[in-house]
Amino acid sequence: MASTIHVTLPDGSIREFPAGITVLAVAEQVGQRLAHETVAGKVNGRLVDLRTPLEDDVELRIVTTRDPEGGEVIRHSAEHVMADAVKRLWPGTPIDAGRQDHSEKFQYDFRFARPFQPEDLERIEDEMRRIVKEDLPFERTEVSRRDAAKIMSERGEAIKLIRLEDIPEGDTISLYRHGEFVDLCRGPHVQRTSQIGAVKLLEASGAYFKGDERNEMLQRIYGTAFASKKELDAYFARLEEIRRRDHRRLGKELDLFSFHPEAPASPFFHPRGAIVYNALIEHMRERYLHYGYQEVITPQIFDVELWKRSGHYDNYRENMFFADAFDDVQERSSSIKPMNCPSHCLLYSGAAHSYRDLPLRLADFGRLHRYERSGVVTGLTRVRSFAQDDAHIFCTPEQIGSEIRSLFDFIFETYDLFAFAEIEIYLSTRPEKAMGEVAVWEHAESVLAASLEERGVAFTVNAGDGAFYGPKIDFVVHDALGREWQLATIQLDFMLPERFELTYIDSENAERRPVMIHRAIFGSLERFYGVMLEHFAGDLPPWLAPEQVRVLPITDAVTDYAESVCSLMKERRLRAEVDHRNEKLGYKIREGEAMKVPYLLVVGEREAQEGTVSLRLRHRRDEGAQPLGTVVDRISNAVRTRSREL
RNA sequence: GCCAACGUAGCUCAGCUGGUAGAGCAGCUGAUUCGUAAUCAGCAGGUCCCCGGUUCGAGUCCGGGCGUUGGCUCCA
């Protein structure tokens, strides 16, 4: 081991230190102020505790309370402080473990006789502030497994002992201590509790131990923490923005859809909402012409035998609705479809197929019903009644590659249209319980991976996460607020062609089994609708806006002119209305803005005489009077090109 | 399904420790004819989610159910 090491700092400077120096000591030599604010180090890209000794030459970045990673360290430390506060208030409460999620929240689970109440959270929060004020130093110690077990059992931490057993043999076991509180923890942690500038507890809920519903339910508390009050306020401002964009709220305000207890988790689309829904479908229909799909319409209710044959009855029954007529209630004989694939298999098997017919791409906007447990449904993003832009491609094994390539074009083109910029791609491979031969799987997986590589897009492999019938590629988009949504999916299926004995005749006149590709680009139309609404914050591009143009007459002396303007818009196939109400212009503008109509056309005596309209674009000021012809051309052009600009 | 909170007019919400309901917006009627984000006045509107219990009396307390929300779990 070298007696001195070289540390490369972010500015490129290299400094020499004695081996074994800690991150904190380096920070101290760089500057006192830095040392005061530092909470961790990033050594060769890995976040480490600042008490970590450096033994070799490294690249080091000092992480301070102001860095994003600093926030993580602060929240992680706040977890410990929260657990400490709970134990101070209710001595002897066994603790489980804390964790952070991606949304700047931390959580900690406790074995507690009753659920935590809002008043408890206030008390805990006060206690946390006290601990922060005490400015207790965090200490790290590395211990043997035996010592860790001894310390935890002395402290009555029954759950921690189980957690200890889960730590793999050979891993370093570290304890973090501040004041009286000790936790089994990997770190890193801040230097002192006072570096946690602002904390707020958010909510309590039950949570199963290790996330398994067969285990005992622990009591979980969520909170957040930042280096300063200002950052905490910014966090709540972000939450407020999320609330403002919530598609459930927008759906109500814009009169798009509603829910009714008589059909839980099943959206009712209002006239305005249905226009948007249908515009999405129409867009897909147009693209289907380009990509060579044929649309089909299939039934809603099927003999249950179909689902036994497809395997859904055995594997998916708890998510299915059954629909029995009065004369056959003894047996569950009919079921409402949760998926379209079996219908499409029936269609395929209804005729002989030549390799020349393939690929056969069958699209279906059929309504699907899935029973989702009551606790999991939310708004449009998880519903019991929905449709997909669903299609099944029947092709030869050799055609898989070209089909996948074409699908990539389709998917990226679609996400461009909606300005979903950041897309994550996951390739899920053969699970343990898989159907079919390993060689077929491996071939399919390599085709999928090769297509992704050829496309030059980054993807993550989720080993063993494929469906039992075939590997799949999932597309996760980020909306305008950075939240993740799984929308598109491409799934290869070797099982259904087998179960339905689907065949085609190849060029050698031999009977062969086709491959089936399940794919959806929007995914569920309902979910896409919700995500899209939030992404645009309700400001739909003109081609999707339920009401594209609203004509605002200033007085009823210009009613006729307003009507003629509106008729012209309608002749040009634009969705236009006139606001005839006996209100002042300011009121009508306010309403038009609130309903997020992209184009407001103000008409008064002047416009009526000159044959113009005063154009007002959504969220902008008056653009002034312009010839009617110019304005209608502009609007229909924006609609036709599916522009996001007005 | 599990844990918690919530459910009052079409919407947003008020209603203290039990004494049978209130505001703003929206709606309707009338007046006003108005130039770029709310004109004025009047009227009407509620099985306080449902069922049961405690009580002289329940929107309010208790139990059960339904729904919604946030989590957990699930997501072929």
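Predicted, not measured: the structure shown is a model, and the values here were computed from it. A note on names: the letters A, B, ... follow the listed sequences, proteins ahead of strands, and every chain is numbered from 1.
Under the Watson-Crick and G-U wobble criteria, each requiring two contacts below 3.5 Å, nucleotide B:C56 is paired to B:G19. Of all nucleotides present, only B:C6 satisfies the Watson-Crick or G-U wobble test against B:G67, with each distance under 3.5 Å. Remark: B:A26 base-pairs with no nucleotide in the shown strands. Criterion, Watson-Crick or G-U wobble with two distances under 3.5 Å. In this structure, B:A37 forms no base pair with any nucleotide, since neither Watson-Crick nor G-U wobble geometry is met with both distances under 3.5 Å. Nucleotide B:C74 is matched to nothing when pairs are restricted to Watson-Crick or G-U wobble geometry with both distances under 3.5 angstrom.
Rounded to whole angstrom, the span from the CZ atom of A:Arg581 across to the C1' atom of B:G30 amounts to 18 Å. When the C1' atom of B:C74 is taken as reference, atom CD of A:Glu318 falls 10 Å away, rounded to whole Å. Here the P atom of nucleotide B:G35 and the CG atom of A:Leu600 are 17 Å apart, to the nearest Å. Following rounding to the nearest Å, A:Leu552 (CG) and B:C34 (P) show an atom-to-atom distance of 16 Å. Whole-Å rounding puts the A:Asn319 CG to B:G1 P distance at 13 Å. When rounded to the nearest whole Å, the span between CD of A:Gln107 and P of B:G71 equals 11 Å. When the P atom of B:C50 is taken as reference, atom CD of A:Glu262 falls 13 Å away, rounded to whole Å. For the pair A:Glu372 CD and B:C74 P, the interatomic distance rounds to 13 Å; values are reported in whole Å.
Screening residues 593-604 of chain A for side-chain hydrogen bond (donor to acceptor under 3.5 Å, both in side chains) gives A:Glu593-A:His619 as the qualifying pairs, with residues at least two apart or on separate chains. Screening residues 582-591 of chain A for salt bridge (Lys or Arg N to Asp or Glu O under 4.0 Å), with sequence neighbours left out, gives A:Arg581-A:Glu591. Among residues at least two apart or in separate chains, salt bridge (Lys or Arg N to Asp or Glu O under 4.0 Å) pairs with a member in residues 252-275 of chain A are A:Arg249-A:Glu253, A:Arg272-A:Glu547.
Across B:A5 and B:G64, the matching P atoms stand 13 Å from one another, rounded to whole Å. Separation of the C1' atoms belonging to B:C2 and B:U8 is 29 Å when rounded to the nearest angstrom. Rounded to whole Å, the separation between the P atoms of B:G67 and B:U29 comes to 39 Å. Here, B:G59 and B:G53 have their P atoms 15 Å apart, quoted to the whole Å. Across the C1' atoms, B:C48 and B:A23 are found 16 Å apart, a figure rounded to whole Å. Nucleotides B:A37 and B:G19 are separated by 46 Å at their C1' atoms, to the nearest Å. B:A41 sits 30 Å from B:C16 when the P atoms are compared, rounded to a whole Å. Comparing B:U60 with B:U55, their C1' atoms are spaced 13 Å from each other, to the whole Å.
Under the ring pair (Phe, Tyr, Trp, His ring centres under 6.0 Å) criterion, A:Phe259 pairs with no residue at all, not counting sequence neighbours. Shown here are the salt bridge (charged side-chain N to carboxylate O under 4.0 Å, His left out) partners of A:Asp560, two or more places apart in sequence or in another chain: there are none. Partners of A:Arg111 according to the salt bridge (charged side-chain N to carboxylate O under 4.0 Å, His left out) rule, which considers only residues two or more places apart in sequence or in another chain, are A:Glu216. Taking the side-chain contact (heavy atoms from CB on, under 4.5 Å) definition, one finds that A:Glu498 meets it with A:Met435, A:Arg513, sequence neighbours left out.
Taking the six-membered ring for Trp and the full ring otherwise, the centers of A:Tyr108 and A:Phe106 sit at least 6.0 Å from each other. Taking the six-membered ring wherever Trp is involved, the centroid distance between the rings of A:Phe226 and A:Tyr235 falls below 6.0 Å.
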The contact string for nucleotides 36-47 of chain B, one letter per nucleotide 5' to 3', using protein heavy atoms under 4.0 Å with B, S and - for base, sugar-phosphate only and none, comes out as BBBB--------
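Atoms OH and CG, on A:Tyr529 and A:Leu256 in that order, are 4.5 Å from each other to the nearest 0.5 Å.
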Please write out the pairs of protein N or O atoms and N or O atoms of nucleotides 10-13 of chain B separated by less than 3.5 Å, giving the distance to one decimal.
| residue | atom | partner | partner atom | Å |
| --- | --- | --- | --- | --- |
| B:U12 | OP1 | A:Lys252 | NZ | 3.0 |

Short N/O separations, protein against nucleotides 67-70 of chain B, under 3.5 angstrom:
| residue | atom | partner | partner atom | Å |
| --- | --- | --- | --- | --- |
| B:U69 | OP1 | A:Arg248 | NH1 | 3.2 |
| B:U69 | O3' | A:Arg248 | NH1 | 3.3 |
| B:G70 | OP1 | A:Arg248 | NH1 | 3.3 |
| B:G70 | OP1 | A:Arg248 | NH2 | 2.8 |
| B:G70 | OP2 | A:Arg248 | NH1 | 3.3 |
| B:G70 | O2' | A:Glu203 | OE1 | 2.9 |
| B:G70 | O2' | A:Glu203 | OE2 | 3.2 |

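Under the 4.5 Å side-chain criterion, counting only non-hydrogen atoms from C-beta, A:Arg367 is in contact with A:Ser385.
Residue side chain A:Arg373 does not reach the base of B:C72 through any donor-acceptor N/O pair under 3.5 Å, judged by distance alone.
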Show me, pair by pair, the donor-acceptor contacts under 3.5 angstrom made by side chains of residues 601-609 of chain A, not counting sequence neighbours?
| residue | atom | partner | partner atom | Å |
| --- | --- | --- | --- | --- |
| A:Glu607 | OE1 | A:Gly604 | N | 2.9 |
| A:Glu607 | OE2 | A:Ser614 | OG | 2.8 |

Under 3.5 Å, side-chain donor or acceptor atoms of residues 485-493 of chain A against the rest of the protein: list the pairs with distances, not counting sequence neighbours.
| residue | atom | partner | partner atom | Å |
| --- | --- | --- | --- | --- |
| A:Trp485 | NE1 | A:Asp479 | OD2 | 3.2 |
| A:Gln486 | NE2 | A:Ala488 | O | 3.3 |
| A:Thr489 | OG1 | A:Asp474 | OD1 | 2.8 |
| A:Thr489 | OG1 | A:Gln491 | NE2 | 3.2 |
| A:Gln491 | OE1 | A:Tyr469 | OH | 2.4 |
| A:Asp493 | OD1 | A:Met495 | N | 2.7 |
| A:Asp493 | OD1 | A:Leu496 | N | 3.1 |
| A:Asp493 | OD2 | A:His518 | NE2 | 2.7 |

